[in-house]
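For reference, the structure discussed in these notes is given below.
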Amino acid sequence: MLKFQFSVFLLSHLCLCSVFITNASVHEYNGEKFVSKGNAFVVHGGSEGIYSSFSDPNNLSAYADDSYIRFQKITFRRPKESANFSSLPIHALVFEVEDREIIGGSAYGGQRAVCCTADLAKLGVCLEGGIIHRPSTMDPSWPKVFGISFSGDDEVATLPSKSIRVTKTGMYNLYFIHCDLNLKDLTVEGKTIWKNPTGYLPGRMAPLMNFYGFMSLAFVILGIFWFSQYARFWREVLPLQNCITLVITLGMLEMALWYFDYAEFNESGIRPVGITMWAVTFGTIKRTIARIIILMVSMGYGVVRPTLGGLTSKVVMLGATFFLASEVLELVENVGAVSDLSGKARLFLVLPVAILDAFFILWIFTSLSSTLSKLQARRMVVKLDIYRKFTNALAVAVIVSVGWICYELYFKSNDVYNERWQNAWIIPAFWQVLSFSLLCVICVLWAPSQNSMRYAYSDEGNEDFDKDDTNLTLIKPSTTPSKDFRSAPEAKPLQSSNGASNGDLEEDKTE
């Protein structure tokens, strides 16, 4: 049915834009071909959330704070063999998503069509070959429909430059449509410019610029705390703390780059590819290193085991695979031509990242469970306490993540037409806040201190029992002897069972 076909077409494009808004408010068309949908031929020109103009809507000469959609050098080309035929008009259709039901119609309750049919033309409701639409109940001047026809045997028709002022906040959609079978090989070239009152950022992206500005400030504050501790106790710093320093540095760079990326995008209307690629790359490196650090902490690297032993290659392989999968996904979503990316294509890129994340979580909690059991068996209260806090923080993060994923699925399944686009920025922002919160917890638990090296791995005999642990603590010891260190009379039996301890160590290294 024509109604079903065109409805599915609109739905698929609107759903796609809920995840993949184009990378620039300057939408360029480079020879796009019209696609047959129902009884019409269609090119999707763009979809963006636009806020209403700040200026007086009655003042038609004020454009400084205006929201508008501007058409520049929109050119339609037809093949030479089609130039001998007279053509029907080629239309540009701009409508707000709430007015989607007023597009199209049918005669006597029959099939719904976008192009005016002979039966509808006889009823006098439209002109044959035109676009069927009714005035909006909110604003009779909408939707906006205008077009152009080929003159004589011309092969090129240029749409006059035009600006459409947006006076109502909403999700706006642009389609180029024609109803002429003789123009099935028609192509469109040129560009449209979509502007919000505060700049060229699409409406759903606009809040992210301020968000990344605040996140940059948050990372600066965290960096001041961490680097001040690092500078004070640099002689006592552990290798693991160097890794945390790297993550904080990458986070600061990532947030700053995202802010400048959106600022430049807002200023020019074209996303700066170079800055975007660097922001994506720094972010992917940060996420990869952060996961590896959490996994190493769970295994007790640097404090109870000098190396990861046979697990090193597996950890590196998992990290490298995650980096590649995440980098490809982020580049495609933020740098590539995302308007043309189908849902199946994105699913193909998302699934590997999700599977690798699940594997990281499984391995981390398996290692933590083993570490906690060994610490409890040896009654190492101080280390056990800090590992329990670390485990609780991770558990809360995972539970919150699962809950948010469920909310995200609910949000997208109930917003197929992007009517809640003004709140969509919260979804990517949440993941940044969650990862930053977990990083803050790790920084508090493992901040550099004057006692850091006391809890590092040592080959001394009185720490032979630690070789079997998977623990890492850097909290300050009390003035009384720590419960982690046994008295001299207990040293002899432990030394006599040194072989067993060494055996356990080898077992850990090959786990």
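Keep in mind it's a predicted model, so treat the numbers as computed, not measured.
- A distance-only check finds a donor-acceptor pair linking the side chain of Y29 to the backbone of G45 [under 3.5 Å].
- The closest donor-acceptor contact from the side chain of D154 to the backbone of V156 lies at 3.5 Å or more, if one exists at all.
- Atom CZ of residue R165 and atom OG of residue S67 lie 9.5 Å apart, to the nearest 0.5 angstrom.
- The backbone N or O of F225 lies less than 3.5 Å from a partner atom in the side chain of S228, making a donor-acceptor pair.
- The only member of W194, W142, F95 that meets ring-ring contact (aromatic ring centres under 6.0 Å, His included) when paired with Y172 is W142.
- Not a single donor-acceptor pair under 3.5 Å links the side chain of R291 to the backbone N or O of T288.
- Around atom CH2 of W278, no more than 12 heavy atoms belonging to other residues, nucleotides or ligands sit under 6.0 Å away.
- The local environment of NZ in K144 is crowded, with over 12 non-hydrogen atoms from other residues, nucleotides or ligands closer than 6.0 Å.
- The minimum heavy-atom distance between A397 and L434, with the atom names listed, is O-CD2, 4.0 Å.
- Judged by distance alone, the side chain of Q72 and the main-chain N or O of T192 form no donor-acceptor pair under 3.5 Å.
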task = Report the C-alpha distance between F150 and F76 in whole Å, list the side-chain angles of each, state the deciding distance to 0.1 Å, and finish with yes or no for side-chain contact (heavy atoms from CB on, under 4.5 Å).
result = CA-CA 9 Å; F150 286 97; F76 302 100; 4.2 Å; yes
inquiry  = For a side-chain contact (heavy atoms from CB on, under 4.5 Å) check, start with the C-alpha distance between I50 and W421, then their side-chain angles and the critical distance, and finish with the verdict.
reply    = CA-CA 10 Å; I50 301 181; W421 58 273; 5.9 Å; no
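- Here F214 and W258 keep their ring centres 6.0 angstrom or further from each other.
- Under the 3.5 Å distance criterion, the side-chain polar atoms of T75 are left unmatched by any main-chain donor or acceptor of T158.
- The environment of Y259 atom OH is sparse: at most 12 non-hydrogen atoms of other residues, nucleotides or ligands sit within 6.0 angstrom.
- Taking each heavy atom of V114 and A40 in turn, the nearest pair found is CB-CB, 4.3 Å.
- Of the possible donor and acceptor atoms, one in the side chain of E32 sits under 3.5 Å from a partner among the backbone N and O of N30.
- Note that OG1 of T187 and CZ of F176 are 12.0 Å apart. Values are rounded to the nearest 0.5 Å.
- Taking CD1 of I289 as the start and CE of M296 as the end, the distance is 10.5 Å to the nearest 0.5 Å.
- Remark: N173 CG to D99 CG distance equals 10.5 Å, nearest 0.5 Å.
- Without hydrogens or angle criteria, K195 side chain to D66 main chain gives a donor-acceptor distance under 3.5 Å.
- Residue E267 qualifies as open at atom CD: its count of foreign heavy atoms under 6.0 Å is 12 or below.
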task = I would like to know whether I248 and Y230 meet side-chain contact (heavy atoms from CB on, under 4.5 Å); could you show each step before the answer?
result = CA-CA 12 Å; I248 295 174; Y230 192 97; over 6 Å; no
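- For CZ of F227, the number of neighbouring non-hydrogen atoms (other residues, nucleotides, ligands) closer than 6.0 Å is greater than 12.
- One finds the CD atom of E128 at 6.5 Å from the SG atom of C116 (value rounded to the nearest 0.5 Å).
- In this structure a side-chain-to-backbone donor-acceptor pair under 3.5 Å is present from H178 to D180.
- The shortest non-hydrogen separation linking M317 to T321 is O-OG1, 2.8 Å.
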request  = Decide yes or no on side-chain contact (heavy atoms from CB on, under 4.5 Å) for E48 and H27, but give the supporting numbers first.
outcome  = CA-CA 11 Å; E48 283 191 18; H27 296 250; 2.7 Å; yes
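- When all heavy atoms of N196 and G203 are compared, the closest pair comes out as ND2-N, 3.3 Å.
- The CZ atom of R134 sits 8.5 Å away from the CD atom of E101 when rounded to the nearest 0.5 Å.
- For the pair R271 and Y262, the distance from NZ or CZ to the six-membered ring centre is under 6.0 Å and the angle to the ring normal is within 45 degrees.
- Side-chain atoms of T169 come within 3.5 Å of backbone atoms of S52 as a donor-acceptor pair (strictly under, hydrogens ignored).
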